[in-house]
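For reference, the structure discussed in these notes is given below.
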Amino acid sequence: MIITVRQYKEFRRNHQKKSKEDLPKMSIVRSRIVRMLSGAIAPLIDHAHTSSAGSVQVELEIPKIPEHGDFATNVALTLTRILKRNPREIAAHVVEGLKDESGLLERVEIAGPGFINLFVKPAAWHDILREILSDPSGYGRTDLGRGKRVQVEFVSANPTGPLHIGHGRGAAIGDVLSNVLEACGYRVDKEYYINDAGNQMDTLGRSLYYRYQQQIGESFDFPEGHYQGEYMRELAGEFIRESGDRYRKAPLDEVLPVFTAFASERILNGIREDLEAFGIGFDQWFSEKSLHEKDAIRTTIEEMASRDYIYIHEGATWFRSTAFGDEKDRVVIRANGVSTYFAADLAYHKDKFDRGYEMVVDIWGADHHGYVDRMLAGIQAMGRKREDLRVILVQLVNLLRAGKPVAMSTRAGEFVTLREVIDEVGKDAARFIFLTRRTDSPLDFDLDVAKMQSNDNPVFYVQYAHARLCSIFEVAGERGIPCDWLESGNHPPLDALTLPEELEIIKFLGEYPEIIAGCSASLEPHFIPYYLHELVSLFHRYYNRNRIVGDDPELTQARLVMAAAVREVIRNALELLGVDAPRKM
RNA sequence: GCGCCCGUAGCUCAGCUGGAUAGAGCGUCGGACUUCGAAUCCGCAGGCCGCAGGUUCGAAUCCUGCCGGGCGUACCA
């Protein structure tokens with residue numbers, strides 16, 4: 001949790017008339033401490049009259065070493081600059097000002113250069129379990145987005161061939177980011193942009209035409225620069241089954257639209273099916289052709305021209321993108337009168353904002369990074385703020401088998417498709433692995449590892465924990481241990497949960513909302529798999545050392561409550577990832 | 001040439017909106033199942049965080065330069 005000075009002041013204003021709902025949601029223990037610290041710090045800042053100190057940030061972190069407390073804050077250190085006093089002295093003032101009305105804290109220490117270490121009473125943690133179980137699927141959800149309308153556009157592969165593994169990574173990231181943003185209170189739509197216009201479509205149609213003529217026995221040389229993957233042969237076969245040899249030797253110019261339409265429609269359907277198998281659905285499939293039909297490119301350029309960002313040079317129409325920091329201006333209409341792909345993209349983004357989205361997230365392959373600056377320039381020329389568009393660049397996926405690269409050539413149409421990967425390793429493993437790296441970082445995807453149903457495979461590690469937890473409740477049921485609180489919400493007393501490793505798990509459960517909020521702020525989903533791994537690891541270790549269903553009824557009940565909370569958070573996180581949480585494996 | 005991204009343990013990577021002793025998985029080696037699922041757990045070993053400066057009370061984290069790798073650099077889509 002990070003608060004700026006400005007936020008402190010805002011918080012204080014709000015706090016006087018409203019209650020705690022205005023604080024960003026976090027674990028109940030953490031939010032109480034933040035509130036307490038805010039209360040202690042505000043007077044110090046007021047006293048110093050530091051209106052221009054908005055850059056000071058305060059952080060409440062969990063120290064690595066237990067001796068440093070359950071939480072630690074460096075406020076005193078960061079306040080040194082604006083208060084112009086030594087940090088330990090400031091820390092003392094902060095500590096003095098803490099009002100622990102609910103008796104949350106066991107003790108508070110000032111340590112090192114001026115850290116404030118806070119020790120929470122063990123019993124205070126138990127509230128986190130109650131909080132989780134009172135609304136398991138709502139846990140971790142926040143209202144950071146405040147209903148802001150966001151569009152996430154991803155995959156958007158050209159309908160000229162099946163999706164490959166790189167698209168799969170972008171798909172997983174886009175889908176999960178959408179889930180995360182939604183969990184953080186944004187209103188999210190997922191969209192796929194179909195590049196169904198331009199000469200690549202003609203190329204696609206011709207590719208099918210040539211294959212078709214070949215397969216019905218005409219001798220045609222297959223020209224360079226066309227799509228010649230195996231899928232084109234299959235398409236030609238389908239075409240023959242439906243239309244026979246009706247188009248034998250038909251003049252290309254006359255029948256090309258037939259072939260183009262057939263090919264793009266079939267391929268797009270295939271893409272839809274593959275994405276569905278990957279657990280991904282879109283709210284909108286947006287056709288580039290529809291932009292041309294609406295004359296949207298012309299309108300867009302006109303609007304930009306009205307703001308003086310368009311000029312003519314050597315017969316071409318240019319966008320003055322350098323006005324917004326692009327390295328050179330860009331052509332939108334070529335001298336031959338044909339608009340560029342970029343022009344369509346500008347019109348598309350204008351359309352997005354016209355539809356009412358306040359923020360737009362584009363997920364692109366990293367090889368498109370050269371387009372970021374011009375696109376950002378573009379939306380600014382339409383009167384949008386730079387930060388209204390967030391472009392996520394997804395790095396390459398290197399496909400491996402047993403540690404060795406799988407040779408792929410897009411040119412020759414030889415590549416491993418997403419569908420093949422899903423069929424081979426399963427949706428869950430593929431999604432999880434795609435999400436275990438920062439989007440910025442290239443990813444080695446080893447098919448053999450992903451397929452392994454063992455501890456080499458991070459998905460199974462997590463799913464196993466979930467299945468194990470489910471199994472514990474089955475055993476409890478068999479032994480006649482009442483767990484009706486799972487439904488009723490009347491949880492048994494938790495006083496028996498006193499072991500350090502129990503409190504450690506509960507504390508970690510309490511961090512989950514922060515993790516999700518962090519994903520949403522950074523638009524990086526990889527924190528979730530890492531969090532899950534750590535949570536599950538804590539649980540497995542605990543499980544191996546302690547008996548949950550044991551002889552002491554009260555202890556058993558309390559531990560079952562904790563187990564239930566762990567299970568719910570695992571399930572909650574896996575749901576965000578679009579990965580199944582199996583009861584049995 | 002210019003621009004963007006990346007250099008952290010043997011390998012693959014977290015940590016990067018600056019904080020106290022830099023982490024995980026895999027791999028090596030050695031241990032734990034008559035007891036809730038051993039697809040699990042425990043332990044050992046492993047590091048000038050690419051190099052050099054700078055800012056700071058404090059730098060893996062921010063700035064500059066260099067080295068190494070990837071990508072981009074069209075009146076292509």
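Here is how names work: the chains are called A, B, and so on, in the same order as the sequence lines, proteins then strands, and each is numbered from 1. If you're wondering where the values come from, they're calculated on a predicted model, not measured in any experiment. We use all heavy atoms of the structure for the numbers below, so side chains are in, but hydrogens, waters and symmetry mates are not.
Counting distance only, with no hydrogens placed and no angle test, the side-chain atoms of A/D367 and the base atoms of B/G72 include no donor-acceptor pair under 3.5 Å.
Shown here, B/A45 forms no base pair; nothing in the strands shown gives a Watson-Crick or G-U wobble contact with both key distances under 3.5 Å. Pair assignment for B/G23 gives B/C13, based on Watson-Crick or G-U wobble hydrogen-bonding distances that are each under 3.5 Å. The partner of B/U28 is absent, by the rule that a Watson-Crick or G-U pair needs both atom distances under 3.5 Å. Across every strand in view, B/C2 sits in a pair with B/G72 that passes the Watson-Crick or G-U test at under 3.5 angstrom.
Taking atom P in both B/A59 and B/C49, the straight-line distance is 13 Å, to the nearest Å. Comparing the P positions of B/C5 and B/U17 gives a spacing of 14 Å, expressed to the nearest Å. For the C1' atoms, the distance from B/G10 to B/C67 is 23 Å, rounded to whole Å. When the C1' atom is compared between B/G37 and B/U28, the two are found 28 Å apart, to the nearest whole Å. Taking atom P on both nucleotides, B/G19 is separated from B/C63 by 14 Å, rounded to a whole Å. The C1' atoms of B/U12 and B/G53 are separated by 32 Å, rounded to the nearest whole Å. Rounded to whole Å, the P atom of B/G25 lies 43 Å from the corresponding atom of B/C2. Taking atom C1' in both B/A9 and B/C13, one finds a spacing of 11 Å when rounded to whole Å.
Side-chain atoms of A/S471 lie closest to B/C36 of the nucleotides B/C36, B/A39, B/U21. Comparing B/G3, B/A20, B/U40 against the side chain of A/E327 picks out B/G3 as the nearest. Minimum atom distance to the side chain of A/D440 is reached by B/C5, of the listed B/C5, B/A74, B/U40. Closest to the side chain of A/L77, from the set B/C57, B/A20, B/C75, is B/C57. Distance from the side chain of A/N117 is smallest for B/A20 among the nucleotides B/C75, B/A20, B/A39. Taking only side-chain atoms of A/N74, from C-beta outward, the nucleotide of B/U40, B/G19, B/C36 with the closest atom is B/G19. Distances were taken from every side-chain heavy atom of A/R438 (C-beta onward) to each of B/C75, B/C36, B/G15; the shortest belongs to B/G15. With B/C36, B/G37, B/A39 as the choices, the nucleotide that has an atom nearest any side-chain atom of A/F460 turns out to be B/A39.
Note on A/R545: every side-chain N or O is 4.0 Å or more away from OP1 and OP2 of B/U40. In this structure, A/H68 does not reach the B/G19 phosphate: none of its side-chain N or O atoms is under 4.0 Å from OP1 or OP2. Between A/K64 and the phosphate of B/A20, there is a side-chain N or O to OP1/OP2 separation shorter than 4.0 Å. Put simply, A/S441 has a side-chain N or O that comes within less than 4.0 Å of OP1 or OP2 on B/A14. Close to B/C41, at under 4.0 Å from its OP1 or OP2, lies a side-chain N or O of A/Y461.
No hydrogens or angles considered: a donor-acceptor pair under 3.5 Å links the side chains of A/E288 and A/N195.
With rounding to whole Å, A/D444 atom CG is found 17 Å from B/C26 atom P. The nearest whole Å value for the distance from the CG atom in A/D326 to the P atom in B/A74 is 11 Å. Distance CZ (A/F115) to C1' (B/G18): 11 Å, rounded to an integer number of Å. In this entry the distance linking CD1 of A/I301 with C1' of B/C75 reads 13 Å, nearest Å. To the nearest angstrom, C1' of B/G37 lies 6 Å from CZ of A/R468. In this structure, the CZ atom of A/R541 is 14 Å from the P atom of B/U40, given to the nearest Å. Distance NE2 (A/H369) to P (B/G3): 12 Å, rounded to an integer number of Å. Between the CD1 atom of A/I515 and the P atom of B/G15 there is a distance of 11 Å, given to the nearest Å.
Rounding to the nearest 0.5 Å gives a distance of 11.0 Å between OG of A/S321 and CG of A/L376. In this structure, A/R30 CZ and A/L60 CG are separated by 5.0 Å, a value rounded to the nearest 0.5 Å.
The side-chain tip of A/R107 points at the ring of A/F119 from less than 6.0 angstrom away and within 45° of straight on. Annotation: cation-pi geometry satisfied between A/R567 and A/F473 (NZ/CZ under 6.0 angstrom from ring centroid, within 45° of ring axis). Taking the ring axis of A/Y543 as reference, the NZ or CZ atom of A/R468 stays within 45° of it and closer than 6.0 Å to the ring centre.
Stacking annotation: A/H533 is not stacked on the base of B/G25 (requires ring centroids less than 5.5 angstrom apart and an interplanar angle below 30 degrees).
By the rule that a glycosidic angle within 90° of 0 means syn, B/C33 counts as syn.
Here A/Y461 and A/H533 bring their ring centres to under 6.0 angstrom of each other.
A/D196 pairs in a side-chain hydrogen bond (donor to acceptor under 3.5 Å, both in side chains) with only one of the listed residues (A/S287, A/S290, A/S264), which is A/S287.
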